[in-house]
Amino acid sequence: MLEITIIVFGLAKCITGKLKLILIKEGTQFIVIRVPLAGLKLGNITLNIFFIFSCTLSLFYAIPFPVIRHFSIRFIRPQRKDILIILDLTDMAANSTIVGVINFITLLLSIPVIGAGIWLANEPDNACVKILQWPLIILGTSIAVVALLGFVGGCWRITWLLIFYLFAMFILILVFACLVVLIYLITNQGSGHPAPGRIYLEHDLDDFSGWLRRKVTNPYKWDRIRSCLNSTDMCSELNQRYRIAQDFFNARLTSIQYGCCMPPAECGYSYINPTYWLTPNNTAASMDCLQWSNDQMQLCFHCDSCKAGLLANLTKEWRSVDIILFITLVVLICMYLIGFCFALRKSKTGDTSPRRHKQNT
């Protein structure tokens, strides 16, 4: 603050060479500077320049722009021979800086939320199911918009906008927390079981939550999902990547590839290539054994193992997203509490301003 004072009033002193500034009191709330006018006439060019410069500062202060509006300035003439200049530190840009930093960090916290939604939208399985990606994108965008409103309200000192920010962000945090808990509860099931004679895990529909099962057991929904999955290259790429049976059986494929692109291990099909298998004499081990087809457009997309593999893939990706969302939620709550406590402290210390101090004295 003293650096700003030196710049402002040092200019007038440099112009005239006669203006003197005496620092009377410096506190945490305000600075009082006495300008002695002894020996100066009211018509003196020094005084005129000084008051012109003061008016310019007043105009700058009237402009609602946080970079220019650094402090408030008042002039008091207790007697004709001097002027008291009071620089109000409670209106300094430091307060705006704190609010701005908090809301800027909040704005940055919307990036992992939106990014998680975009990442899920680009994954073939999530792109076909379309459950979680759009809620995440909408939630992240809402957090970004509210953070921007809080930044504007804090820097431009718009009280009603700050109140709206606190209320809206509180609602968004509640929605965010419910979403994190919901994802955890949904993905806390579906661990799978070892496939006979294989190194990977197979999954059953009963391993997953009823809410997720209903997303794939509905015939109309599954036909749409199956057509979407069939249009991807997740099965055809296996034929290009694995030419030898041993390489294929040792490969780490996704759960949806195990479930949709090959018959279940219990059926006893003989390997020819990743998507073409010889039918055994007995296919009565399960209904999925009868559903398998070497038709490259059919494969096991009608099997329950394909539905279970899809849900296993979803839960694995959602768990990864939920970890990111949980960390983001914790930081967001911390930022909100810091901003709320700062606003509460400012409301309690509002009576210590120089204006109220002057009235009381």
Side-chain angles (χ1 to χ4, degrees), residues 119-133 187 190-208 212-213 215-280 283 285-320:
W119 177 71
L120 290 178
N122 290 324
E123 291 297 308
D125 49 354
N126 278 278
C128 293
V129 178
K130 297 178 181 178
I131 298 178
L132 189 59
Q133 56 266 44
T187 60
S191 57
H193 55 272
R198 307 289 171 83
I199 63 172
Y200 58 85
L201 298 177
E202 286 187 335
H203 298 82
D204 295 327
L205 282 176
D206 294 335
D207 296 338
F208 302 94
L212 271 181
R213 288 200 305 269
K215 296 297 180 180
V216 296
T217 54
N218 182 284
Y220 172 76
K221 292 182 179 179
W222 179 248
D223 286 342
R224 179 181 57 81
I225 295 173
R226 177 178 56 82
S227 299
C228 178
L229 293 175
N230 212 353
S231 63
T232 65
D233 60 350
M234 66 176 185
C235 292
S236 59
E237 69 175 359
L238 298 179
N239 292 327
Q240 302 173 2
R241 185 179 301 178
Y242 304 106
R243 301 292 184 180
I244 303 174
Q246 192 62 33
D247 293 340
F248 175 74
F249 289 124
N250 292 332
R252 296 286 182 178
L253 307 181
T254 62
S255 298
I256 192 172
Q257 287 176 320
Y258 285 129
C260 301
C261 303
M262 55 186 292
E266 62 180 354
C267 297
Y269 280 78
S270 299
Y271 175 87
I272 300 298
N273 66 41
T275 59
Y276 193 90
W277 299 70
L278 289 179
T279 306
T283 58
S286 69
M287 284 299 298
D288 283 352
C289 298
L290 298 175
Q291 295 287 351
W292 168 261
S293 172
N294 284 319
D295 183 352
Q296 299 300 296
M297 297 302 295
Q298 298 294 327
L299 298 178
C300 213
F301 285 105
H302 292 282
C303 304
D304 286 345
S305 62
C306 183
K307 300 174 183 178
L310 171 64
L311 296 184
N313 243 43
L314 291 179
T315 54
K316 181 180 179 180
E317 293 170 355
W318 289 8
R319 286 192 197 106
S320 301

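All values derive from a computational prediction rather than experimental measurement.
For Phe249, the ring pair (Phe, Tyr, Trp, His ring centres under 6.0 Å) criterion is met by Tyr271, not counting sequence neighbours.
Using a 4.5 Å heavy-atom threshold, the side chains of Gln296 and Thr275 count as touching. Side-chain atoms of Trp318 and Asn126, non-hydrogen and from C-beta on, do get closer than 4.5 Å to each other. Taking 4.5 Å as the limit, some side-chain heavy atom of Tyr269 sits within range of a side-chain heavy atom of Thr279. His203 has its side chain out of reach of Thr315: every pair of non-hydrogen atoms, C-beta onward, lies at least 4.5 Å apart. Between Leu253 and Phe248, the closest side-chain pair of non-hydrogen atoms falls below 4.5 Å. Using a 4.5 Å cut-off on side-chain heavy atoms (C-beta onward), Val216 and Phe208 make no contact. Looking at heavy atoms from C-beta onward, Glu266 lies in side-chain contact with Ser286 at the 4.5 angstrom threshold.
Of all heavy-atom pairs spanning Met262 and Pro274, the tightest one is CB-O, 4.2 Å. Between Arg224 and Val129 the shortest heavy-atom distance is NH2-O, 4.1 Å. Between Lys221 and Lys215, the shortest heavy-atom contact is CB-O, 3.7 Å. Considering every non-hydrogen atom in both Leu238 and Gln257, the closest pair reads CD2-NE2, 3.7 Å. A pairwise comparison of heavy atoms in Ser305 and Asp288 identifies N-OD2, 3.0 Å as the closest pair.
Judged by distance alone, with hydrogens and angles left aside, the side-chain atoms of Asn294 form a donor-acceptor pair with the main-chain N or O of Trp277 at under 3.5 Å. Checking side-chain atoms of Glu202 against main-chain N and O of Pro264 turns up no donor-acceptor pair under 3.5 Å. Asp125 places no side-chain N or O within 3.5 Å of a backbone atom of Leu310 that could act as its donor or acceptor partner. Asp247 places no side-chain N or O within donor-acceptor distance of the main-chain N or O of Tyr242, the cut-off being under 3.5 Å. Judged by distance alone, the side chain of Asp204 and the main-chain N or O of Asp206 form no donor-acceptor pair under 3.5 Å. Listed for the Arg226 side chain is no donor-acceptor partner under 3.5 Å among the backbone atoms of His302.
Rounding to the nearest 0.5 Å gives a distance of 9.0 Å between CG of Asn250 and CZ of Arg252. Here the straight-line distance linking atom SG of Cys306 with atom CG of Leu311 works out to 9.5 Å at 0.5 Å rounding. Within the model, atoms CZ of Arg319 and CG of Leu314 stand 11.0 Å from one another, a figure rounded to the nearest 0.5 Å. Here the straight-line distance linking atom CZ of Phe301 with atom OG of Ser227 works out to 10.0 Å at 0.5 Å rounding. Here the CD-CD distance, from Gln291 to Gln298, works out to 9.5 Å after rounding to the nearest 0.5 Å. For the atom pair NZ (Lys130) and CD1 (Ile225), the distance works out to 10.5 Å, reported to the nearest 0.5 Å.
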Acceptor/donor pairs from residues 229-236 side chains to any protein atom, 3.5 angstrom cut, sequence neighbours excluded:
residue: Asn230; atom: ND2; partner: Met297; partner atom: O; Å: 2.6
residue: Ser231; atom: OG; partner: Cys228; partner atom: O; Å: 2.5
residue: Thr232; atom: OG1; partner: Leu229; partner atom: O; Å: 2.6
residue: Ser236; atom: OG; partner: Asp233; partner atom: O; Å: 3.4

Go through it in stages, so that I can follow the logic: the residues are Cys300 and Cys261, the test is disulfide bond (SG atoms under 2.5 Å apart), and I'd like the CA-CA distance, side-chain angles, deciding distance and then a yes or no. CA-CA 6 Å; Cys300 213; Cys261 303; over 6 Å; no
